[in-house]
Amino acid sequence: MQELRLLCLVVLVGLAQACPEPCECGEKYGFHIADCAYRDLQAVPSGFPANVTTLSLSANQLPSLPGGAFREVPRLQSLWLAHNEIRSVAAGALASLSQLKSLDLSHNLISDFAWSDLHSLSALQLLKMDSNELTFIPRDAFRSLRALRSLQLNHNRLHTLAEGTFAPLTALSHLQINDNPFDCTCGIVWFKTWALTTAVSIPEQDNITCTSPHVLKGTRLNRLLPLPCSAPSVQLTYQPSQDGAELRPGFVLALHCDVDGQPAPQLHWHIQTPGGTVEITSPNVGADGRALPGVLAASSRPRFQAFANGSLLIPDFGKLEEGTYSCLATNELGSAESSVNVALATPGEGGEDALGRRFQGKAAEGKVCYTVDNEVQPSGPEDNVVIIYLSRARGPEAAATAEGVPGKQPPGLLLLGQSLLFLFLASF
């Protein structure tokens, strides 16, 4: 018995000796505790014994948590960091704490948080992140937290929540998310529905309110009236084609992407040519075809001209412009995409384009024709639409248009030349 007591004394002395100087270390109720609270610390100290299971660093002056901050204490089950001045949590700061069950980061200034670190904390049961400066939570932030029971996100700066954010939290019983400046637009409607039907306890629902738009300011989320919301769609239309027209070098290619959705979707073009990838957020030109401020010099005309009405114009189409053209429409509720492969056919029947894709040629002898091969399946709820208008070019001025009604053929394009070649893509 005397030997056992001596052994315990040696262990406790060793633990105390390994404790960082500003902290107090000991054992209580079977937990190895390191208490570093109220020490005016400006950095996480080093020299902790590896068997520490509870670490308190609350009420200090920590400005940030760098990667590997807790590498010395991989057995931590509880980590208390409330009431510091933490603004950022770097990637890798928490990822090593696979046994962590309780994490308190409340009452800080956190706006930059490495959400991916949470993917390693599968044992976490309590997460307190209230009273910070968080503005955004990724959709998959909580994907690994199936043991989480309590989540506190109140008193932050969250404007919206991605649909399905809380779906992985199958053990969740308590969610506090009041006092955030929510934008009561279509993107938040799912959360209202979920909050009204879930078995999770959500206290202070009277303080889950709208901050914008102005007409809804102060409205309780659970009393928000239905909003006219719809995910984007990219509609495909077609008309009888008029193949066989003669094309000259430098003709104009125009595609029209007719999108619908509420709120109005943002249109983006993705162009893959033999020379590389081009990404365009529409529009990049004004009604006159000249680059918008910040895109290129005001007097310049981009190689690919994306207009506000959904049209994409390539005024001098050639072999270098062959490739895959995709339009992507996105709003708060989702996205829809449509793609088309375009290649110049040489006289003869069929061949390969500059990207190695097969196409069917319809060229008569002595003429160069243009063919389209649609290979990409639509991702939206309806058939996607890309309308292709081909014509001999008369110059950029004749081709430019941007103020047409969505879904209608751009009027400026219909004035190109006396003989036009229209190639329409039928529904997928």
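- Here the shortest heavy-atom pairing between Leu169 and Leu151 reads CD1-CD2, 4.0 Å.
- In the model, Gln272 has a side-chain atom that pairs as donor or acceptor with a side-chain atom of Thr277 under 3.5 Å.
- A parallel orientation is assigned to the rings of His107 and His83, their planes being inclined by less than 30° (bins at 30° and 60°).
- Of all heavy-atom pairs between Trp190 and Phe166, the closest is CH2-CD1, 4.1 Å.
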* Test salt bridge (charged side-chain N to carboxylate O under 4.0 Å, His left out) on Glu21 and Arg39 and set out the steps. => CA-CA 11 Å; Glu21 182 179 348; Arg39 300 299 202 280; over 6 Å; no
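- Between Thr330 and Ser335, the side chains place no donor N or O within less than 3.5 Å of an acceptor N or O (distance only, hydrogens not considered).
- Not a single salt bridge (Lys or Arg N to Asp or Glu O under 4.0 Å) links Lys101 to another residue, sequence neighbours left out.
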* Asked: Passes salt bridge (charged side-chain N to carboxylate O under 4.0 Å, His left out), Asp112 versus Arg87? Steps please.
  -> CA-CA 7 Å; Asp112 181 12; Arg87 295 179 180 273; over 6 Å; no
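- Using modelled atom types and a 3.5 Å distance limit, the side chains of Ser150 and His174 yield a donor-acceptor pair.
- Summarising the local packing, CZ of Arg220 is surrounded by more than 12 heavy atoms from other residues, nucleotides or ligands at distances under 6.0 Å.
- Between Tyr325 and Trp269, the ring centre distance reaches or exceeds 6.0 Å.
- Thr185 and Asp183 form no side-chain donor-acceptor contact under 3.5 Å, judged by distance and modelled atom types alone.
- Taking the six-membered ring for Trp and thresholds of 30 and 60 degrees, Phe191 and Phe182 have ring planes inclined between 30 and 60 degrees apart.
- Using modelled atom types, one finds a donor on one side chain and an acceptor on the other under 3.5 Å when comparing Ser311 with His256.
- Asn207 places no side-chain N or O within donor-acceptor distance of the main-chain N or O of Glu204, the cut-off being under 3.5 Å.
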